[in-house]
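Inspection log for the structure reproduced underneath, given as structure tokens.
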Amino acid sequence: MTSTTGTSCPYCGWPDDAGPFQVVSRHGTAAGSTVWTRCGCGSLQVRAVDDRGARIVSRSRPADAPWSRADR
């Protein structure tokens with residue numbers, strides 16, 4: 001999977017386009033697919049995959065990461 005964003009996980013710093021990440025589910029869409037993945041740190045990510053590559057469009061914090069009002 002190739003990331004077009006060149007970003008990394010804000011929780012562990014691991015590059016988004018590198019493993020390890022676990023594919024949780026994969027769903028076909030009109031434009032390509034949506035892939036739900038879990039980063040090595042536990043962050044759940046939604047990746048939109050199409051002819052341009054893969055982009056993380058949503059990301060959760062790991063289950064053990066503290067919640068902060070600054071996140072709102």
Side-chain angles (χ1 to χ4, degrees):
M1 187 173 292
T2 304
S3 174
T4 59
T5 59
T7 61
S8 59
C9 178
Y11 302 105
C12 68
W14 199 259
D16 287 336
D17 60 351
F21 60 83
Q22 173 189 14
V23 174
V24 178
S25 66
R26 205 179 293 268
H27 308 277
T29 66
S33 63
T34 300
V35 181
W36 289 74
T37 63
R38 189 166 303 278
C39 181
C41 70
S43 171
L44 187 63
Q45 306 161 349
V46 180
R47 298 171 185 241
V49 183
D50 57 21
D51 57 352
R52 296 180 295 167
R55 294 169 314 288
I56 294 182
V57 296
S58 183
R59 180 190 322 257
S60 74
R61 70 178 56 78
D64 61 351
W67 179 83
S68 167
R69 287 195 180 275
D71 293 338
R72 296 179 87 184

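Heavy-atom basis, side chains included; hydrogens, waters and symmetry copies ignored. Predicted, not measured: the structure shown is a model, and the values here were computed from it.
Closest heavy-atom contact between Ser33 and Thr29: N-OG1, 3.4 Å. Across all their heavy atoms, Val49 and Val35 have their closest contact at CG2-CG2, 3.8 Å. Between Tyr11 and Pro62, the shortest heavy-atom distance links the atoms CG-CD, 3.3 Å.
Taking CZ of Arg47 as the reference point, atom OG1 of Thr34 lies at 12.5 Å (rounded to 0.5 Å). Taking OG from Ser25 and CZ from Arg38, the interatomic distance works out to 10.5 Å, rounded to the nearest 0.5 Å. Here Gln45 contributes atom CD and Asp16 contributes atom CG; the two are 5.5 Å apart, rounded to the nearest 0.5 Å. Taken to the nearest 0.5 Å, the SG atom of Cys9 stands 11.5 Å off from the CH2 atom of Trp14.
Under the 4.5 Å side-chain criterion, counting only non-hydrogen atoms from C-beta, Pro10 is in contact with Arg59.
Looking at Ser43, its side chain does come within 3.5 Å of a backbone N or O of Ser60 through a donor-acceptor pair.
Clustering ILVMFWY residues whenever any of their side-chain heavy atoms sit less than 4.5 angstrom apart, transitively, puts Val57 in the very cluster that holds Trp36.
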